[in-house]
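Because the structure is predicted, anything quoted here is derived from the model rather than measured. So that the names make sense, note that chain A is the first sequence line, chain B the second, and so on, each numbered from 1.
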Amino acid sequence: MRYFVNEFWTNAQRAGHALHEISYRACFKPQLPEFFIDRLTEPSDAVYDPFMGRGTTPIQAALMGRRVFGNDANPMSIMMTRPRLNTPELCDIESRLGEVPWDAGEPTLGDQNFGVFFHPATLCQIVALRSWLSEREEAGKFDYVDDWIRLVAMSRLTGHSPGFFSVYTLPPNQAASIESQSRINERRGQTPPKRDVKALILRKSRSLLRHVGLSYSQFDLYCCDSRNTPEIQTDSVDLVVTSPPFLD
DNA sequence: GCGGTGACATCTCCATATAG
DNA sequence: CTATATGGAGATGTCACCGC
């Protein structure tokens with residue numbers, strides 16, 4: 001048995017299951033919920049995070065065979081968590097990506113403001129994917145493969161290496177305004193290069209799924225004020241692991 | 001005015017994994 | 001092995017706004 005004492009924030013403790021590797025404004029290491037889930041629950045017990053954020057606690061609990069309850073007031077949380085609790089096969093992702101009409105994207109004037117981040121051809125591909133996913137949703141065809149593709153696309157939008165859709169910018173857990181990105185481009189003497197959206201989504205998917213995937217049905221995710229979650233029955237949860245909203 | 005404050009705004013450096 | 005990709009509950013600098 002290995003004990004990590006006050007070592008949950010160091011680089012040495014960062015390695016976890018590949019499914020955790022989604023950037024977010026703030027994210028604790030999976031070893032933290034793992035530490036408590038391991039000691040305080042048994043398989044099939046229910047674990048709940050009322051402020052799940054990118055979903056580290058639900059993902060880790062599911063990996064450990066626990067039942068999962070998750071909640072966050074931010075609707076993006078479900079988009080970032082749900083696809084990783086029920087992962088598609090790589091071949092299904094690839095064939096679905098093949099259905100997207102990548103050349104049909106028509107950026108609006110508003111979209112074109114993001115030209116400081118994206119090459120025009122890349123922007124067209126992003127817009128094509130966005131429209132296609134919206135149409136799938138409206139037609140009631142949106143499934144777990146689409147859910148996965150949306151998550152990976154969101155996680156690839158901007159970053160500071162060629163694995164992202166954007167030109168070099170701040171790290172993916174940070175945000176640069178359009179004005180500040182103009183300054184970054186000028187200082188570095190750079191313009192956004194062409195990027196292959198489909199290829200990058202596939203590459204990140206391969207990385208996220210390089211360990212065993214998750215096919216898990218025992219999860220309930222909500223987008224509520226955590227003070228009022230009537231769907232979660234009294235006494236139905238064995239352990240709460242969370243990190244409440246913080247001020248920095 | 002003045003010091004303290006802020007789910008701010010902007011940007012750096014380093015450990016680790018992986019490719020070659 | 002070396003080179004590159006990638007992720008940072010990070011590390012600082014601004015500046016409107018507050019109570020006094």
Any side-chain N or O of Ser161(A) below 4.0 angstrom from OP1/OP2 of dT6(C)? yes
Reckon Arg156(A) touches a base, only the sugar-phosphate, or nothing at all at heavy-atom distances under 4.0 Å? sugar-phosphate
Using a strict threshold of under 4.0 Å (side-chain N to carboxylate O), is an ion pair present between Arg66(A) and Asp238(A)? no
Check whether any side-chain heavy atom of Asp220(A) sits under 4.5 Å from a side-chain heavy atom of Phe69(A), and report yes or no. yes
Expressed as a whole number of angstroms, how long is the span from Arg54(A):CZ to dA7(B):C1'? 18 Å
Below the 4.0 Å mark, does dA19(B) have OP1 or OP2 next to a side-chain nitrogen or oxygen of Arg210(A)? no
What base-paired stems does DNA chain B take part in, with at least 3 consecutive Watson-Crick or G-U wobble pairs and both distances under 3.5 Å? B:1-6 with C:15-20, B:8-11 with C:10-13, B:13-20 with C:1-8
For dG8(C), does OP1 or OP2 lie under 4.0 Å from any side-chain N or O of Ser23(A)? yes
Is the Tyr168(A) ring parallel, tilted or perpendicular to the His160(A) ring (thresholds 30°, 60°)? tilted
Once you apply a heavy-atom cut-off of 4.0 Å, does Ser177(A) come out as touching a base, just sugar-phosphate, or nothing? sugar-phosphate
What are the residues of residues 186-194 of chain A, sorted by number, that bring a heavy atom to within less than 4.0 Å of DNA chain C? none
Can you tell me how the ring of Phe117(A) sits relative to the ring of Phe114(A), calling it parallel under 30°, perpendicular over 60° and tilted otherwise? tilted
N/O (side chain, Arg203(A)) to phosphate O (OP1/OP2, dT6(C)) under 4.0 Å: yes
